[in-house]
There are 2 protein chains.
Amino acid sequence: MQKIATHAAGHHRASLKKLHDLDAALELMYYGWRGMTLEADAYLAKQGLSRPHHRILYVVARRPDIAIGSLIEILGISKQALNRPLNLLLERKLLTSKRSPEQHRSKLLRLTDAGRRIEQKASDHERKVLREAFDRVGTPGAAAWMAVMETIADNN
Amino acid sequence: MQKIATHAAGHHRASLKKLHDLDAALELMYYGWRGMTLEADAYLAKQGLSRPHHRILYVVARRPDIAIGSLIEILGISKQALNRPLNLLLERKLLTSKRSPEQHRSKLLRLTDAGRRIEQKASDHERKVLREAFDRVGTPGAAAWMAVMETIADNN
DNA sequence: CGTCTCATGTCAACTATGTTGACTTGAGGA
DNA sequence: TCCTCAAGTCAACATAGTTGACATGAGACG
């Protein structure tokens, strides 16, 4: 048997010497991302799904009747990379695809009820973590967090 | 030839309908992580390295003479997963390992000058992005960001 | 009609990052 | 000496992504 880690990685957050004043922030970004997705990933794994499946469900939920080409653009991956997770979701009937009446060239994707349920539960896990953190710092703190993240996100 | 995406994924940040009030924050966490690591990843790729190598260098820089077992714990991956990137760093002489005089069981890891240089440059790219964002919101905003992220990071 | 374009779909080969399981090695305690 | 246990290695596999090459089927246009 493998040795089982007795502590989650996050418990070591404070264990590194800080060489620069922004090291703490840098590590927080890393562990923050992990912290937000931890429970959602565990839930998805129970369903036999993972992060890429969730990303697909998330986007389709917010863009019903999206074509595959647009989905590829938004996710920022190749169509070959999209292929396998997408087909799994179709097989499992979490998504439906149909040709549009006029635009026969593109398939339009939609969530089924089951797909919507899974998307909601997975995203709820992530939103719950955010909500708790925002509650702790109040509205101005949450707004500051958003402002910082927007600047960082637009760095490209 | 593959179709080349004309826009980075981040440019689609606003293109999804928001189903919940926290959807924007959820997406910001995703694109924020990407935004912070984008330039560092590009720099690392030029050196023939990637994120896991950087993580190793980052930790060893802040814990000189760390043993492999502790490194595994901090990184939160299996020793087998650590093996390949670690050996690459040793081969490329970015890290050195030596047995300690008394504790012969464990190897102690240290950065070489070359390793330190790469670690610094890669981390500098990430800190630069953070610094610009913090500058924009001022000290109180930065503190709020840290407070939010700490709560999220400790969610495990 | 034929041909060209374009979105979609699929196959193959590859890379990278991770996993488990099975094993070796070597120090130190009973 | 023998046993244990941490550290480390090797092999097989899963997942998520990449490029390249090619097939299919509808629409547009001559």
Taking atom [atom2] of [N] as reference, at what distance in whole Å does atom [atom1] of [X] sit?
X	N	atom1	atom2	result
B/L82	D/dC10	CG	P	14 Å
B/E73	D/dG8	CD	C1'	16 Å
A/I77	D/dT19	CD1	P	12 Å
A/H54	D/dT15	NE2	C1'	18 Å
A/I72	D/dG17	CD1	P	12 Å
B/L44	C/dA16	CG	P	14 Å
A/L49	D/dT15	CG	P	11 Å
B/L86	C/dG18	CG	P	13 Å

Euclidean distance, B/L94 CG relative to B/H53 NE2, rounded to 0.5 Å:
9.5 Å
Listed by chain and number, what are the side chain to side chain donor-acceptor pair (under 3.5 Å) partners of B/R136, not counting sequence neighbours?
none
Both A/S97 and A/R84 contact DNA chain C. Which one's nearest nucleotide lies toward the 5' end?
A/S97
Checking contacts here: which listed nucleotide (D/dT19, C/dT20, C/dT8) is nearest the side-chain heavy atoms of A/S78?
D/dT19
Please pick, from D/dA16, D/dG8, D/dC22, the nucleotide with the shortest atom-to-atom distance to any side-chain atom of B/K79.
D/dG8
Looking at B/E126 and B/R51, is there a salt bridge between them, counting it only when a charged N and a carboxylate O are closer than 4.0 Å?
yes
Taking only residues two or more places apart in sequence or in another chain, which ones pass salt bridge (Lys or Arg N to Asp or Glu O under 4.0 Å) with B/R127?
A/D23, B/D124
Donor-acceptor pair (no angle test) under 3.5 Å: A/Q80 side chain, D/dG20 base
yes
Think A/S50 has a side-chain N or O under 4.0 angstrom from the OP1 or OP2 of D/dA16?
yes
Are OP1 or OP2 of C/dG18 and a side-chain N or O of B/R55 less than 4.0 angstrom apart?
yes
Do any N or O atoms from the side chain of B/K121 and from the backbone of B/E119 form a donor-acceptor pair under 3.5 angstrom?
no
Indicate, with a heavy-atom threshold strictly under 4.0 Å, whether B/A67 touches base, sugar-phosphate, or nothing.
nothing
